[in-house]
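Chain identifiers are assigned alphabetically (A, B, ...) following the order of the sequence lines, protein sequences preceding nucleic acid strands; residue numbering begins at 1 within each chain.
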Number of protein chains: 2
Amino acid sequence: MEERKCMRIHLSIMDTLSVVNGKWKLVILSVLLNGKMRFRELSRVTGISPRILSKELQELEMNELVIRTVCDTKPVTVEYSLTEYSKTLDEVIDAMNRWGIKHRERLTGRKPNVKTGTLTQLAESN
Amino acid sequence: MEERKCMRIHLSIMDTLSVVNGKWKLVILSVLLNGKMRFRELSRVTGISPRILSKELQELEMNELVIRTVCDTKPVTVEYSLTEYSKTLDEVIDAMNRWGIKHRERLTGRKPNVKTGTLTQLAESN
DNA sequence: CAGTATCCAAAAAGATACTG
DNA sequence: CAGTATCTTTTTGGATACTG
């Protein structure tokens, strides 16, 4: 029984990971929290190359986490935005956001600063 | 300014991912939530091969999330357990655990069952 | 038992050029 | 602009045998 409870929690963690795992999915979702964004802008803001971004967005769309809207402009533009269902992930994103901030503070001993590099760079410089 | 806020959230998400990303780290932590466990048992329960498990545990140890304790038995055994600091990740783990359960219910329309395979298997069978 | 060494397969990511 | 195609590199994960 103890075994089963343990199985269950690690199964559900793996289920979540099967949807949002990888370097980019949660980043994309967290950016879209600020509102809809077009493909290229999303690519620029996140630094994700078009090929990867396209793939990630398709997967997020398949999992009903983002919506792709083609705008009747000239030339055509495409907007990506969050679905209602994606709101159920807010707890996860918020928790990771908060933890990331605290963890960086812990490592740097000061408030997070956009200009500072990644944590791995920081850790390696120690 | 809007841009900076957006940068900040996705920076902190990436910071968190830099520590717990990958297929296994959160799974390992979630298993250790049930208490300390020895190397081999951890390998058996999670299904992680020794080489990977060893590497993951070392990384978790470097980030002060697990403690490795050598026990003076014959032959020597080694116990892994969570650190105090790892408790700060509880929110993240809980959120992912809850989301995984809900998401599986949504896809299967029934209570989660350990006997059922992974969600990707489920999704592909549709 | 705990872990490393070796070798290998698969997945993920990236650069860049190109198309409608 | 939005995305795909192509090619390459890097990262990750896994099987298995071996050592103290």
Report the residues that fulfil side-chain hydrogen bond (donor to acceptor under 3.5 Å, both in side chains) with [X], sequence neighbours left out, ordered by chain and then residue number.
| X | answer |
| --- | --- |
| B/Glu61 | none |
| B/Thr69 | none |
| A/Ser86 | none |
| B/Thr77 | B/Thr73 |

Between atom [atom1] in [X] and atom [atom2] in [N], what is the gap in whole Å?
| X | N | atom1 | atom2 | result |
| --- | --- | --- | --- | --- |
| A/Arg40 | D/dT4 | CZ | P | 15 Å |
| B/Leu57 | C/dG3 | CG | P | 8 Å |
| B/Leu42 | C/dC1 | CG | C1' | 14 Å |
| A/Glu41 | D/dA2 | CD | C1' | 14 Å |
| B/Arg44 | C/dA2 | CZ | C1' | 16 Å |
| B/Lys36 | C/dA2 | NZ | P | 13 Å |
| A/Leu53 | C/dA12 | CG | C1' | 15 Å |
| A/Lys25 | C/dA13 | NZ | C1' | 12 Å |

With [X] via side-chain contact (heavy atoms from CB on, under 4.5 Å) - residues at least two apart:
| X | result |
| --- | --- |
| B/Lys36 | B/Glu79, B/Ser81 |
| B/Lys87 | B/Glu84, B/Asp90 |
| B/Gln58 | B/Ser54 |

Subject >> Residue pairs involving residues 46-58 of chain A (criterion salt bridge (charged side-chain N to carboxylate O under 4.0 Å, His left out); sequence neighbours excluded) >> reply: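 Sorted result for residues 46-58 of chain A: A/Lys25-A/Glu56.
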*asked:* With a cut-off of less than 4.0 Å, is there a side-chain N or O of A/Tyr80 near OP1 or OP2 of D/dC1?
replied: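 Answer is no, no contact under 4.0 Å.
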Self-check item: Distance test, side-chain N/O of B/Ser54 to OP1/OP2 of C/dT4, below 4.0 Å
Solution: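 Looking at the OP1 and OP2 atoms of C/dT4, one of them is under 4.0 Å from a side-chain N or O of B/Ser54.
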Practice problem: Tell me which residues in residues 58-71 of chain B put a heavy atom below 4.0 Å from DNA chain C, sorted by number, or none. | Solution: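 When residues 58-71 of chain B is checked for heavy atoms under 4.0 Å from DNA chain C, the hits, listed by number, are B/Gln58, B/Arg68.
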Inset, instruction - Anything below 3.5 Å on both distances counts as a pair; with that, list the stems of at least three consecutive Watson-Crick or G-U pairs involving DNA chain D. - result: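 As far as DNA chain D goes, consecutive pairing (with distances under 3.5 Å) yields the stems C:1-20 with D:1-20.
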Residues forming a salt bridge (Lys or Arg N to Asp or Glu O under 4.0 Å) with A/Arg98, sequence neighbours excluded =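 Partners of A/Arg98 by the salt bridge (Lys or Arg N to Asp or Glu O under 4.0 Å) criterion, ordered by chain and then number, come out as B/Glu91.
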- Query: Mind checking whether B/Leu32 and B/Met37 have side chains closer than 4.5 Å, heavy atoms only?
  - Reply: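 They are in side-chain contact.
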Under a 4.0 Å heavy-atom criterion, the protein footprint on nucleotides 6-20 of chain D, written with B, S and -, is B------BBBB----
If you draw the axis of the six-membered ring of B/Phe39, does the NZ or CZ of B/Arg44 fall within 45° of it and under 6.0 Å from the ring centre?
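No, B/Arg44 does not lie over the aromatic ring of B/Phe39.
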